[in-house]
Peer 1: 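Dropping a structure here in structure tokens format, bear with me for questions.
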Protein chains: 2
Amino acid sequence: MFSGIRKIISVKSTSRKKPGASPKLSEKKERLKLFLKEKGFKSTKQRDIIASEFLAVGEHVTAEELYNRICKKHSNIGFTTVYRTLKLLAESGLATERVFADNLTRYEPLAAEEHHDHLICLKCGSITEFEDQRMERLQEKIATEFGFSVETHKMELYGRCRKCGGGNI
Amino acid sequence: MFSGIRKIISVKSTSRKKPGASPKLSEKKERLKLFLKEKGFKSTKQRDIIASEFLAVGEHVTAEELYNRICKKHSNIGFTTVYRTLKLLAESGLATERVFADNLTRYEPLAAEEHHDHLICLKCGSITEFEDQRMERLQEKIATEFGFSVETHKMELYGRCRKCGGGNI
DNA sequence: AGGAAATTGAAATTCATTTTCATTTGGAAA
DNA sequence: TTTCCAAATGAAAATGAATTTCAATTTCCT
């Protein structure tokens, strides 16, 4: 299923939130520090570097992708630490873990408060985010019809983006 | 994410199709034979047994689960063959591969023509299928708004089923 | 500064999945 | 039916992402 994707190579964000709606980088790093302190964890150079790089990159990265970026500049940072820090960021609510059809775990900044879904191009691998209230409402509605209460959901549309012939197949 | 699920233990189907709408077991096995012949593959005892057991079980099984059932009666059938036969069934359109939040690959009979989505209970692990035209239409609509054409999609609602307190949380 | 506790990172482990390869089997052609 | 070759089988090995281990290092509280 979805075997068309070899690798998700590039990533785009097309969210519709107002500019300035998301916290600044410094604010996010502050939040991480608070979380660490609160949990009795320690602030370290590595965590700072990794968090900064992660927040700078911004889009759906795997632990490995992020590690590759980081280890060029900081040969003293190991894969394991990148991996663990991403988990930590996810726990603290600064990142969200996602698994798409290629079965790799990706991390995406923030998102705790801004749930959204994804359009994934099977040709070029680009990921476009979207949020749609109609969708949220319909999900609730359907769930209710089954006596089900929704805590979270996963919704991915796989197909062709505009560039790859989305309009006219 | 979704780490609440330890294991998906049981599986229910609540699809809304009319009774008799889906092909009978013999019909399905016929379809497999045709597919095999068409592709120049061979019919074997193992494939027959595995396909029968799979179609009999009916619901979202992993290769391992199916293997465990089969090897009790047929000690001469190996895991690899079960694994490969499930892949084959998926190719032939008699099964669909699905990966839920626990990251195991499950197979489900038929489904090539009947696309549906899933409600997954985070407490008891039950899987309920549903199909909803409103959902399909909305997906198309949203995709179109992004210049995207949908080939396939994945949509899972995670929460509580009726038994596990779905109505009143 | 001292020291307990947490962190780091290289290496090892886990675990589902997939591949390898020697052997067996199915089934088309003789 | 017998022959023969490609396909299938299954045990074992390989793969690869995710996770854990553990000794050495670092943080940060007192």
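In what follows, chains carry the letters A, B, and so on, assigned in the order in which the sequence lines appear, proteins first and then strands, with residues in each chain numbered from 1.
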Peer 1: With sequence neighbours excluded, what pairs up with B:T80 under the side chain to side chain contact (heavy atoms under 4.5 Å, CB included) test?
Peer 2: B:R84
Peer 1: Check the distance between D:dA7's P and B:L36's CG and give it to me in whole angstrom.
Peer 2: 13 Å
Peer 1: Of all heavy-atom pairs between A:F148 and B:L157, which one has the smallest distance, and what is that distance?
Peer 2: CE2-O, 3.9 Å
Peer 1: What is the separation between atom CG on A:L88 and atom P on C:dA6, rounded to the nearest whole Å?
Peer 2: 14 Å
Peer 1: Report the distance from atom CG of B:L86 to atom P of D:dA8, rounded to the nearest whole Å.
Peer 2: 15 Å
Peer 1: Quick check on the 6.0 Å ring-centre criterion: do A:Y107 and A:H60 meet it?
Peer 2: no
Peer 1: Test A:R162 against B:E145 for salt bridge (charged side-chain N to carboxylate O under 4.0 Å, His left out), laying out the working first.
Peer 2: CA-CA 10 Å; A:R162 204 190 303 273; B:E145 290 171 15; over 6 Å; no
Peer 1: Measure all distances between protein nitrogen or oxygen atoms and nitrogen or oxygen atoms of nucleotides 15-17 of chain D, and list the pairs falling under 3.5 Å.
Peer 2:
none

Peer 1: Can you see if the side chain of A:R47 gets near the phosphate of C:dT8 - specifically, an N or O under 4.0 Å from OP1 or OP2?
Peer 2: yes
Peer 1: Report the distance from atom CD of B:E65 to atom P of C:dT17, rounded to the nearest whole Å.
Peer 2: 10 Å
Peer 1: Can you name the side chain to side chain contact (heavy atoms under 4.5 Å, CB included) partners of B:I77, sequence neighbours left out?
Peer 2: B:Q46, B:I49, B:I50, B:I70, B:H74, B:V82
Peer 1: Of all of residues 77-85 of chain A, which get a heavy atom below 4.0 angstrom from DNA chain C, listed by number?
Peer 2: A:I77, A:G78, A:T80, A:T81, A:R84
Peer 1: Taking the six-membered ring for Trp, are the ring centroids of A:H116 and A:F130 within less than 6.0 Å of each other?
Peer 2: no
Peer 1: Check the angle between the aromatic planes of A:Y83 and A:F79 and answer parallel, tilted or perpendicular using the 30° and 60° thresholds.
Peer 2: parallel
Peer 1: Would you mind classifying the nucleic acid contact of A:K39 as base, sugar-phosphate or nothing, using non-hydrogen atoms under 4.0 angstrom?
Peer 2: nothing
Peer 1: Answer yes or no: is there an ion pair linking B:R98 with B:E59, defined by an N-O contact shorter than 4.0 Å?
Peer 2: no
Peer 1: Does any donor atom in the side chain of A:H153 or A:Q139 lie under 3.5 Å from an acceptor atom in the other side chain?
Peer 2: yes
Peer 1: If I take atom CZ in residue A:R98 and atom C1' in nucleotide D:dA18, what distance separates them, rounded to the nearest angstrom?
Peer 2: 19 Å
Peer 1: Scan nucleotides 22-30 of chain C nucleotide by nucleotide, 5' to 3', and note B when protein non-hydrogen atoms come under 4.0 Å of the base, S if they reach only the sugar-phosphate, - if neither.
Peer 2: ----BS---
Peer 1: Tell me: CD1 of A:I49 to P of D:dT27, nearest whole Å?
Peer 2: 11 Å
Peer 1: Looking at residues at least two apart in the chain, or sitting in another chain, which of them share a side chain to side chain donor-acceptor pair (under 3.5 Å) with B:K87?
Peer 2: B:E97
Peer 1: Does A:K87 make a side-chain N or O approach to OP1 or OP2 of D:dA18 shorter than 4.0 Å?
Peer 2: no
Peer 1: What is the distance, to the nearest angstrom, from the OH atom on A:Y67 to the C1' atom on C:dA11?
Peer 2: 13 Å
Peer 1: Measure the spacing between OG of B:S149 and CD of B:E140 and express it to the nearest 0.5 Å.
Peer 2: 8.0 Å
